[in-house]
Amino acid sequence: MVQVHNHISHHLSHLRLLALRRSFKLVALSSAMRDLRPSMLSKMELRRFHAVAITAAIGCIAALANPAPVRAQSADLVLCDRIAADPADPDKPADVKGAAEIASSDIATAIKFCKRASTASRRALYQLGRAYAANRQMAEAVGAYRKAADKGSTAAMVELGTLLANGSGGERDETQARTLFARAAQAGNARGATNLAALSANVGGSSDPVEARAMLAKAAETNSAEAEFQLGLMMANGVGGPKDDTGARAMFEKAAAQDHAGALDWMGSFAESGRGGPEDRNAAKGYYEKAAALGNEDAKAALERLKCPLVLKTKSGEVWTHLCF
C-alpha cells in the first residue's frame, strides 16, 4: 500500500512539474516577445498573446487541481439503467427515472446489457433479475436476486423474499422470506418493512408486531407512502403499540399527499367521522373522490353513502331505498 501511495505521489509530482515547465515556457516566451521590435507585433497583438499565455498556464494548473474521473460509468450499465431500473430501488441514481415494469419489447435488450454490467455492479445484478423475471425465467431471476442480495442490494432482498414467500420462484420458504424482509427493513428499505408486516399478518402474526411497527416507523422516515399507510393502519388498530388516532391520521395524510389510494380512503373516513382530528365532510368527499378515481372500491361506496346518507328499510331489515340530498 505504501509503495502504491509513493508511486501515485511521484506520478502527481511529475505531472505538476510538467505543468510548471509549460507555464514557465509560456511566461518566458511572453517575456521574449516584449523584447521584439514594435514593428514586428502591434500592441494589441502583444496583449492578446499575453492573455493566451496566462490563460494556458492557469489551465494547466487547474487541470491538475481538478483531475477528471478515472473511470466513467460503462455504456452497458447506462443502457441497463435506462430500460430495467426499478423506481423504488435505493441504489438507483437520482437522475434515472426507472420503470415499474420492463416493457416486453425491451426484455431481451435488458438481459443482454444488464448481464454485461452485472460483473461490476450489484444494481445491474438486481436489474438482471428483474429482466429474467419479466421473461418468466424464474430460476435465473432467483439466482440473480440472490447474488445481488449477497452484495447488499436491499431491493434484491425484497424481490427474492417475495418470490420465496409466494412460491413463484420455486418451493415456498416463508422463514427465509421473513429473514430477507427483515434484513432489507433494518437497512431502511420501506418495502422490506411493509412486506415483513404483511407476511406477519398473513401467517397469524408469528413475527413480533412491535418490531414490525418499529421497522415501519423507520421506513416511513424515507417518505414511503406504503410504509406511512401501513404504519397508520397499525396505529389506528393499536397493533404493535398503543392505539393512536392522531398519529394514524398524520400518517394517512402524508401517504394521501402522494396519491396512495388506501390512505386517501382512510383519510376520508377519518375526516368524515372526526377521528384523530377535526370533522370535515367536504374534505372527506374530496379524499373519497381522489381514492375512487384511483380505483378504490371502498371510496366509491363511501361517496354513495355521502350522497344518500339515509336508508329506508323494510320490517325484515332489507334495504328499501336511499334518501339522497
Side-chain angles (χ1 to χ4, degrees), residues 86-92 94 98 100 126 149 152-162 164-166 174-278 283-284 287 290-291 294 296 298-299:
D86 178 359
D89 183 6
D91 285 346
K92 180 185 70 64
Y126 165 60
S153 169
T154 60
M157 294 173 197
V158 172
E159 292 301 326
L160 178 58
T162 301
L164 293 172
N166 59 32
E174 291 182 349
T175 300
Q176 188 177 168
R178 185 178 294 105
T179 299
L180 287 164
F181 292 150
R183 281 179 60 198
Q186 290 288 358
N189 188 296
R191 288 184 61 215
T194 55
N195 284 12
L196 179 62
L199 183 62
S200 299
N202 289 339
V203 297
S206 58
S207 289
D208 185 359
V210 175
E211 182 183 10
R213 181 162 167 170
M215 287 182 177
L216 283 172
K218 183 178 179 181
E221 293 175 358
T222 66
N223 201 34
S224 163
E226 184 63 25
E228 290 162 351
F229 173 63
Q230 295 289 346
L231 179 58
L233 290 177
M234 296 191 82
M235 289 179 166
N237 296 315
V239 177
K243 188 174 181 179
D244 183 357
D245 284 348
T246 302
R249 183 165 179 158
M251 288 296 105
F252 291 145
E253 190 169 16
K254 287 182 178 180
Q258 300 180 63
D259 290 332
H260 188 289
L264 284 164
D265 176 50
W266 274 79
M267 267 306 300
S269 175
F270 270 46
E272 182 184 358
S273 63
R275 185 176 174 183
Y287 285 121
K290 289 182 179 180
L294 292 171
N296 188 283
D298 290 335

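These numbers come from the heavy atoms of this one structure, side chains and all, not from hydrogens, waters or symmetry mates.
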Query raised in the report: Excluding sequence neighbours, so at least two apart, what forms side-chain contact (heavy atoms from CB on, under 4.5 Å) with Lys92?
Result: Ala85, Asp89, Val96
**Report entry** Residue among Met215, Arg183, Gln186 satisfying side chain to side chain contact (heavy atoms under 4.5 Å, CB included) with Leu196
**Finding:** Met215
Report task. List the atom of Thr162, the atom of Phe181, and the distance in Å for their closest heavy-atom pair. Result -> N-CZ, 3.5 Å
Query raised in the report: Side chain of Ser269, backbone of Asp265: donor and acceptor closer than 3.5 Å?
Result: no
Query raised in the report: Okay, side chain of Glu228, backbone of Ala255: is any donor-acceptor separation there less than 3.5 Å?
Result: yes
Report summary line: Quick note, side chain to side chain donor-acceptor pair (under 3.5 Å) partners involving residues 234-253, not counting sequence neighbours, are Asp245-Arg275
Query - Closest non-hydrogen atom pair, Ala190 against Ala227 - result: CB-CB, 4.2 Å
Requested in this report: Locate the shortest heavy-atom distance separating Ala291 from Ala299; write the atom from each residue and the value.
Outcome: CB-CB, 3.4 Å
Query raised in the report: Would you call the rings of Phe270 and Phe252 parallel, tilted or perpendicular, where under 30° means parallel and over 60° means perpendicular?
Result: perpendicular
Query - Minimum heavy-atom distance between Ala248 and Ala236, given as atom pair plus value - result: CB-N, 3.7 Å
Requested in this report: Kindly compute the distance separating OG1 (Thr222) from CG (Asn189), expressed to the nearest 0.5 Å.
Outcome: 8.0 Å
Report summary line: Heavy-atom closest pair (Ala220 atom, Met251 atom, distance to 0.1 Å) is CB-SD, 4.4 Å
Query raised in the report: Does Gln258 reach the main-chain N or O of Asn223 with its side chain, forming a donor-acceptor pair under 3.5 Å?
Result: yes
Query raised in the report: Which residues satisfy the ring-ring contact (aromatic ring centres under 6.0 Å, His included) test with Tyr126, sequence neighbours excluded?
Result: Tyr145
Query - Whether Arg191 side chain and Ala88 backbone form a donor-acceptor pair below 3.5 Å - result: no
Query - Side chain to side chain, Asn296 and Leu264, heavy atoms closer than 4.5 Å - result: no
Report task. To the nearest 0.5 angstrom, please state how far the CE atom of Met157 sits from the CG atom of Asn195. Result -> 13.5 Å
Report task. Grab the two heavy atoms, one from Gln176 and one from Leu164, that are nearest each other, plus how far apart they are. Result -> CD-CD1, 3.6 Å
